[in-house]
Trainee: 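Okay, here's the structure, questions in a sec.
Because only heavy atoms are used, hydrogens play no part in the values below, and waters and symmetry mates are left out as well, while side chains stay in.
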Amino acid sequence: MQIENPVLKGFNADPSIIRVEDTYYIANSTFEWFPGVQIHESKDLVHWQLIGHPLTTTTLLDMKGNKDSGGIWAPDLSYADGKFWLVYTDVKTTEGAFKDATNYLTTAENIRGPWTDPIKLNGVGFDASLFHDDDGKKYLVQMEWDHREYRHPFNGIKLTEYSPELGRLLPETGRIIYHGTDVKLVEGPHIYKLFGQYYLFCAEGGTVYTHQEVVARSKELFGPYETQPDDVFLTAFDSPGNYLQKNGHGALVETPSGEWYFAHLTGRPWHHETESSHDPRGWCTLGRETAIQKVAWDEDKWPHIVGGKQGSRFVEAPKDVTPHVYPLTYDEKDDFDEPQLNLNFNTLRVPFDDRMGSLLVNPGHLRLIGKGSLTNEHELSLVARRWQAFHFEAETALKYEPTTFQQMAGLVNYYNSQHWSMIHVTWNEVNGRVIELSQNNRGQLTSFLKEEAISVPENVDYVHFKVRVEKTYYVYAYSFDGNSWRDIDIRLDAKILSDDYVVQSYGGFFTGAFVGMANVDYSGYDLPADFDYFSYKEK
């Protein structure tokens, strides 16, 4: 067997991997998408299945008003004392000198929950993880943020003891244990006690094409730590032609037979035919994904990526496992016959509840109640799922009767509040109910059809929408009967929904493209839209 990377396709960044008996688990960042933290499981490191999201309530996660790419940064999953421990960060400020980031801890005896009410830990910095030492003591390890303009904001890796008896950190024990290398931006720390020493794995270089992972070690927990000599543990920075890019930020895991693997974030850029593949290196519309590399230890007990530090697309699977294939967790076509949303669907910042919509009011339909615009950071009605392939089709149909141009509902492709497109039913003064196609690009809205908006016949109840994504571009189509389709003669550049495009003008660029259904009614009259189905088919 071989592991084919990425193992978690689409937006699944900042993996934290553990093994409990014969099962592996990965927890990933979700940023402003709700519910918080994605968890996948595997028996063989090759095949993975999404099993849920721990942060399903506003008690555990309240993100209303969070900025784009705020919310859940780099969760840490661990297992000790017969239970799962999850440390997560809710980031409220993403731009400027400050990072207002609160770290929390929740636990569960079963990975599927229930999870305890959160314990507030601190706000020292993000990317916090919990280290369980073999003497029973526990420590929070995290990067420390420094707002002072005359200092580098990534001040180093801080270690602070946590008291389970008191249910809080002991801040008087906190100490910077590692400042990283000259590459700077040291973050994403994880500590492991191996071969009688403490190993500190850290990400550096920023989560772009300069990203890397370094390793340091010490005989004492609080240091001093020596950086691995000669080479970086993992990076594709000097391998621009490598299939996997942006490699870094990850965690280490051991198999039952003593083999070692490292799960890490990665990106798969593409470029237009008119562009160099080296500069710009490309556009990652699928966001930052999760890959797994095999690790070997040299005679001095330093770790190395098998196959080279750049990371490989194909990796030897563990020798001690048999294939364990999971069924898909979603149907190609969702007819909304279940009383709850499929776990692959997400909402923005707030949970799906009666204020946003219902799966029960009109059986066999997803009802979305019109809320704020797609630029709203507090409350909007959008249900969407990740792009997980470069080529796919998504389709839906909706029943909707708008009476003002301030009401619009339809099919959306979304990166963040400033970067999205939408084909929708709306209203105008000339033709009444019409179809319009709009795009928000760096905060600038373009209505493509304008006076030529397509009139919806009076006898049509359901309007069908489809999007065809062809890696570098995508095209919308519509139908009034679900059989005869017409393309909108506009090819939208997919790069606008990528991290790499967004970072050119805005600091929050950590998610990935989503496709789904939305209902906007900024007139404030809460007009509902009923979606009959949603399909997602990869090519």
Side-chain angles (χ1 to χ4, degrees), residues 1-8 14-26 42-48 78 129 131 134 178 180-181 183 186 188-205 211-219 225-239 241-266 289-323:
M1 274 201 307
Q2 283 189 316
I3 297 168
E4 182 177 0
N5 285 315
V7 293
L8 304 184
D14 310 321
S16 172
I17 188 170
I18 61 170
R19 177 179 59 84
V20 179
E21 296 179 348
D22 67 344
T23 306
Y24 301 90
Y25 301 100
I26 290 179
S42 173
K43 298 289 189 179
D44 56 16
L45 290 182
V46 176
H47 306 95
W48 293 84
S78 59
S129 65
F131 171 61
D134 52 18
Y178 186 63
T181 74
V183 173
V186 62
H190 290 274
I191 291 179
Y192 306 91
K193 192 171 187 181
L194 306 168
F195 317 116
Q197 298 192 72
Y198 295 94
Y199 284 78
L200 174 62
F201 284 70
C202 295
E204 291 187 329
H211 204 38
Q212 65 178 34
E213 184 83 4
V214 297
V215 181
R217 71 185 181 190
S218 171
K219 293 180 180 179
Y225 281 81
E226 169 198 8
T227 303
Q228 182 169 355
D230 302 327
D231 211 352
V232 174
F233 175 64
L234 175 68
T235 187
F237 173 58
D238 50 4
S239 302
N242 198 49
Y243 179 72
L244 304 175
Q245 294 290 314
K246 303 183 178 178
N247 296 333
H249 196 129
L252 192 67
V253 70
E254 184 182 13
T255 71
S257 63
E259 295 179 277
W260 293 89
Y261 287 85
F262 187 76
H264 64 93
L265 75 79
T266 191
E289 306 171 285
T290 289
I292 294 176
Q293 306 296 331
K294 192 168 187 180
V295 175
W297 300 85
D298 65 23
E299 292 180 355
D300 294 325
K301 297 302 182 185
W302 287 109
H304 300 272
I305 298 294
V306 175
K309 66 176 181 178
Q310 76 285 346
S312 302
R313 178 178 181 178
F314 296 100
V315 174
E316 180 186 0
K319 296 182 177 67
D320 58 347
V321 297
T322 55

Trainee: Evaluate side chain to side chain contact (heavy atoms under 4.5 Å, CB included) for W48 paired with Y24, printing each intermediate quantity in order.
Mentor: CA-CA 9 Å; W48 293 84; Y24 301 90; 3.8 Å; yes
Trainee: Considering only heavy atoms from C-beta outward, does the side chain of E316 approach that of Q2 to under 4.5 Å?
Mentor: no
Trainee: Please identify each residue that fulfils side chain to side chain contact (heavy atoms under 4.5 Å, CB included) with K301, with sequence neighbours left out.
Mentor: F195, Y199, R217
Trainee: So, Q228 side chain and P303 main chain: donor-acceptor pair closer than 3.5 Å or not?
Mentor: yes
Trainee: On the 0 to 90° scale, with breaks at 30° and 60°, tag the F233-F201 ring pair as parallel, tilted or perpendicular.
Mentor: perpendicular
Trainee: Taking only residues two or more places apart in sequence or in another chain, which ones pass salt bridge (Lys or Arg N to Asp or Glu O under 4.0 Å) with D300?
Mentor: none
Trainee: For F237, is the CZ atom crowded, meaning more than 12 foreign heavy atoms sit under 6.0 Å from it?
Mentor: no
Trainee: With the threshold set at 4.0 Å, does a side-chain nitrogen-carboxylate oxygen contact exist between E254 and R19?
Mentor: no
Trainee: Determine whether L265 and H249 satisfy the following criterion, side chain to side chain contact (heavy atoms under 4.5 Å, CB included), listing intermediate values before the conclusion.
Mentor: CA-CA 6 Å; L265 75 79; H249 196 129; 3.5 Å; yes
Trainee: Closest heavy-atom contact between V46 and S42?
Mentor: N-OG, 3.9 Å
Trainee: Quick check on side-chain hydrogen bond (donor to acceptor under 3.5 Å, both in side chains): which of H304, E213, H264 does Q293 satisfy it with?
Mentor: H264
Trainee: Is there a donor in the side chain of K43 and an acceptor in the side chain of T23, or the other way round, less than 3.5 Å apart?
Mentor: yes
Trainee: Is there a donor-acceptor contact under 3.5 Å from the side chain of E204 to the main chain of V214?
Mentor: no
Trainee: In the structure I gave you, are the side-chain heavy atoms of V315 and V7 within less than 4.5 Å of one another anywhere?
Mentor: no
Trainee: Do we see a donor-acceptor contact under 3.5 Å between the side chains of D14 and S16?
Mentor: no
Trainee: Kindly indicate, with the supporting measurements, whether the criterion side chain to side chain contact (heavy atoms under 4.5 Å, CB included) is fulfilled by Y225 and I191.
Mentor: CA-CA 11 Å; Y225 281 81; I191 291 179; 4.2 Å; yes
Trainee: Determine whether P323 and M1 make a side-chain contact, defined as any pair of heavy atoms from C-beta on separated by less than 4.5 Å.
Mentor: yes
Trainee: Tell me, do I26 and L8 make a side-chain contact under 4.5 Å, heavy atoms counted?
Mentor: yes
Trainee: Between atom OH of Y261 and atom CG of L252, what is the distance when rounded to the nearest 0.5 Å?
Mentor: 12.0 Å
Trainee: Kindly compute the distance separating CG (N5) from CG (L244), expressed to the nearest 0.5 Å.
Mentor: 5.5 Å
Trainee: Rounded to the nearest 0.5 Å, what's the gap from OG1 on T227 to CG on L200? Could you check?
Mentor: 8.5 Å
Trainee: Using 0.5 Å steps for rounding, measure from the OH atom of Y243 to the OG1 atom of T266.
Mentor: 9.0 Å
Trainee: Working to the nearest 0.5 Å, report the span between NE2 of H211 and CG of L234.
Mentor: 8.5 Å
Trainee: Do the non-hydrogen side-chain atoms of N242 and N247 ever get within less than 4.5 Å of each other?
Mentor: yes
Trainee: Would you give the length of the straight line joining atom OH of Y192 to atom OH of Y198, rounded to the nearest 0.5 angstrom?
Mentor: 15.5 Å
Trainee: Do F262 and I292 come within less than 4.5 Å of each other through their side chains, counting heavy atoms only?
Mentor: no
Trainee: Given side-chain hydrogen bond (donor to acceptor under 3.5 Å, both in side chains), test Q310 with T235 step by step and report yes or no.
Mentor: CA-CA 5 Å; Q310 76 285 346; T235 187; over 6 Å; no
Trainee: Might you work through the side chain to side chain contact (heavy atoms under 4.5 Å, CB included) test for I3 and F314, ending with a clear yes or no?
Mentor: CA-CA 6 Å; I3 297 168; F314 296 100; over 6 Å; no
Trainee: Any side-chain to backbone donor/acceptor pair from T255 onto P318? Under 3.5 Å, distance only.
Mentor: no
Trainee: Has K219 got more than 12 heavy atoms of other residues, nucleotides or ligands less than 6.0 Å from its NZ?
Mentor: no
Trainee: Taking the six-membered ring where the residue is Trp, are the ring centres of W260 and W297 under 6.0 Å apart?
Mentor: yes
Trainee: Sequence neighbours left out, what passes salt bridge (Lys or Arg N to Asp or Glu O under 4.0 Å) with E289? Give chain and number order.
Mentor: R268
